[in-house]
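Everything on this sheet refers to the single structure shown next.
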Amino acid sequence: MQYDHILIRYGEMSLKGKNIKQFIIRLQENIQAKLKDFPNVKVKRTQGRMFVLLHGEDPKPIMDKLQKIFGIHSLSLAIMVDNDLEKIKEAALYALKENTDVKKFKVSVKRINKDFPVRSQELNQILGGHLLKNTEDILVDVHQPDLEIKVEVRLEATYITSSVIPGLGGLPVGTSGKSLLLLSGGIDSPVAGYLAMKRGVQLEAIHFHSPPFTSERAKQKVLDLAKQLTKYGKAIKIHIVPFTKLQQEIFREMPDEYAMTIMRRMMFRISERVCEQESILSLTTGENLGQVASQTMESMHAINEVTNYPIIRPLVAMDKLEVISISQEIGTYETSILPYEDCCTIFVPKSPKTKPKRVKINHYESKHDFAASIEEAIENIETITVYDKKDIEESFSDLF
Ligand code: ATP
Ligand code: MG
């Protein structure tokens with residue numbers, strides 16, 4: 001006897017009315033994509049839930065993958081047996097014994113198959129009795145059990161599951177369209193990307209870099225951060241914008257205290273152009289209210305003037321500590337704190353305006369024509385796609 005299935009529950013998605021079918025199909029595809037390393041494994045849909053059929057594979061690494069897939073509410077290891085009382089008893093006992101440290105348990109039977117000859121209540125008692133008889137120092141406690149063994153008698157078979165392991169929740173990546181993540185090398189923007197993905201958004205990323213002031217290693221850092229995000233979704237296309245010339249022009253031509261805000265406006269302008277090229281309908285940033293000079297209400301107002309694309313700012317109202325804690329959980333923190341220079345830290349004006357005004361900025365911007373440099377930056381964008389490990393092997397095998 002061993003666990004041969006993983007039961008996947010998809011919580012929030014069951015509320016999604018008409019779209020539910022699409023959501024479930026997308027979730028199944030996302031799961032299948034992440035489990036490609038395990039060729040024997042199959043993913044099956046049934047009424048209201050999904051099963052992974054293990055076919056002899058070790059469940060541990062598969063559970064690890066499933067715990068990084070948005071749209072999964074919770075998971076349980078499960079045993080499937082025929083609708084046969086003796087087999088159900090044996091499986092329930094296995095499920096109980098697999099969990100050490102259990103002092104109090106409870107059996108919950110759900111009989112969906114009304115042809116099964118033993119009724120729920122009676123089956124509860126039979127199984128409870130069987131488990132008590134075959135274990136020592138374990139009691140039944142229906143109110144506060146350490147472990148609930150769930151038995152579901154369905155038409156095709158009976159499933160026995162024990163511990164419920166939480167999933168990430170959220171919506172399957174790809175069900176909420178695409179967004180262009182402004183990805184710096186910092187702590188915030190990868191977390192913003194992660195949270196957008198959690199709401200079903202598929203990401204592309206854009207990064208502004210300023211060689212030789214920013215190094216190859218700083219660029220690599222950004223690629224590494226994006227790669228970390230692919231663990232929670234699909235491959236990510238990153239548009240690397242050569243920003244040096246435009247940035248130097250801004251700092252040469254514009255008043256020092258407005259340079260930062262104008263630089264941000266340029267980032268949004270260029271990002272919007274990439275969105276147009278890539279049919280993307282929104283931007284995502286790691287902006288957070290009140291952190292630094294570029295993130296006051298006034299500066300957001302000034303920066304936001306140049307685009308009417310929706311801007312997803314998942315961190316806008318979070319505390320820095322909350323953001324750090326998420327970045328540690330998702331594995332981007334260690335990379336984010338590496339000390340490589342960022343284009344924004346290189347060209348720091350001495351006293352940036354914390355309350356820039358749109359009229360003033362428009363006045364200064366009208367004095368100089370940046371169009372040629374913007375076009376040049378866009379023309380020289382380098383696009384790199386980063387993959388979760390398995391995807392890379394696939395893209396190679398596509399070549400042959
Ligand atoms: P982060 O930790 O994400 O770098 P931050 O707290 O340093 O954010 P800012 O430097 O004000 O804040 O940047 C605000 C947002 O602007 C970033 O979260 C990111 O979305 C975007 N951004 C900043 N610098 C770059 C860059 N070089 N390339 C792409 N996007 C950037
Ligand atoms: Mg930063």
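Start at 1 and go down the list; that is how both ligands and their atoms are numbered. It should be emphasised that the depicted structure is a prediction, and the values quoted were computed from it without experimental measurement. Along the sequence shown, residues carry numbers from 1.
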field: Asp141 vs Lys103, salt bridge (charged side-chain N to carboxylate O under 4.0 Å, His left out): CA-CA, chis, key distance, verdict
entry: CA-CA 9 Å; Asp141 185 337; Lys103 293 274 168 269; over 6 Å; no
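- No donor-acceptor pair closer than 3.5 Å links the side chain of Asn99 to the backbone N or O of Val102.
- Counting heavy atoms only, Ser184 comes closest to atom 1 (P) of ligand 1 of the residues Ser184, Pro190, Gly286.
- At least one N or O atom of Ser189 sits closer than 3.5 Å to an N or O atom of ligand 1.
- In terms of modelled atom types and a separation under 3.5 Å, the side chain of Lys221 and the main chain of Gly185 share a donor-acceptor contact.
- A salt bridge does not link Glu90 to Lys87: none of the charged nitrogens lies less than 4.0 Å from a carboxylate oxygen.
- Although no hydrogens or angles enter the test, the distance criterion places a donor-acceptor pair under 3.5 Å between the side chain of Ser179 and the main chain of Ser282.
- Taking the side chain as every heavy atom from C-beta outward, His368 and Ile250 never approach each other to under 4.5 Å.
- No side-chain donor-acceptor contact under 3.5 Å links Ser76 to the backbone of Ala78.
- Near Ile206, meaning under 4.0 Å from any of its heavy atoms, are these atoms of ligand 1: 29 (C).
- No part of Asn288 comes within 4.0 Å of ligand 1, judged by heavy-atom distances.
- Counting heavy atoms only, Arg264 comes closest to atom 23 (C) of ligand 1 of the residues Gln247, Met260, Arg264.
- For ligand 1, one of its N or O atoms has an N or O atom of Gln295 under 3.5 Å away.
- For Leu182, a nitrogen or oxygen atom sits less than 3.5 Å from a nitrogen or oxygen atom of ligand 1, counting backbone and side chain alike.
- The proximity of Leu181 to ligand 1, defined as any non-hydrogen pair under 4.0 Å, does not occur for either the backbone or the side chain.
- Atoms of ligand 1 found under 4.0 Å from any heavy atom of Met267 (numbered from 1 in listed order, with element): 24 (N), 25 (C), 26 (C).
- The distance from ligand 1 to the heavy atoms of Ile187 drops below 4.0 Å at these ligand atoms: 2 (O).
- Heavy atoms of His209 found under 4.0 angstrom from ligand 1: none, in either backbone or side chain.
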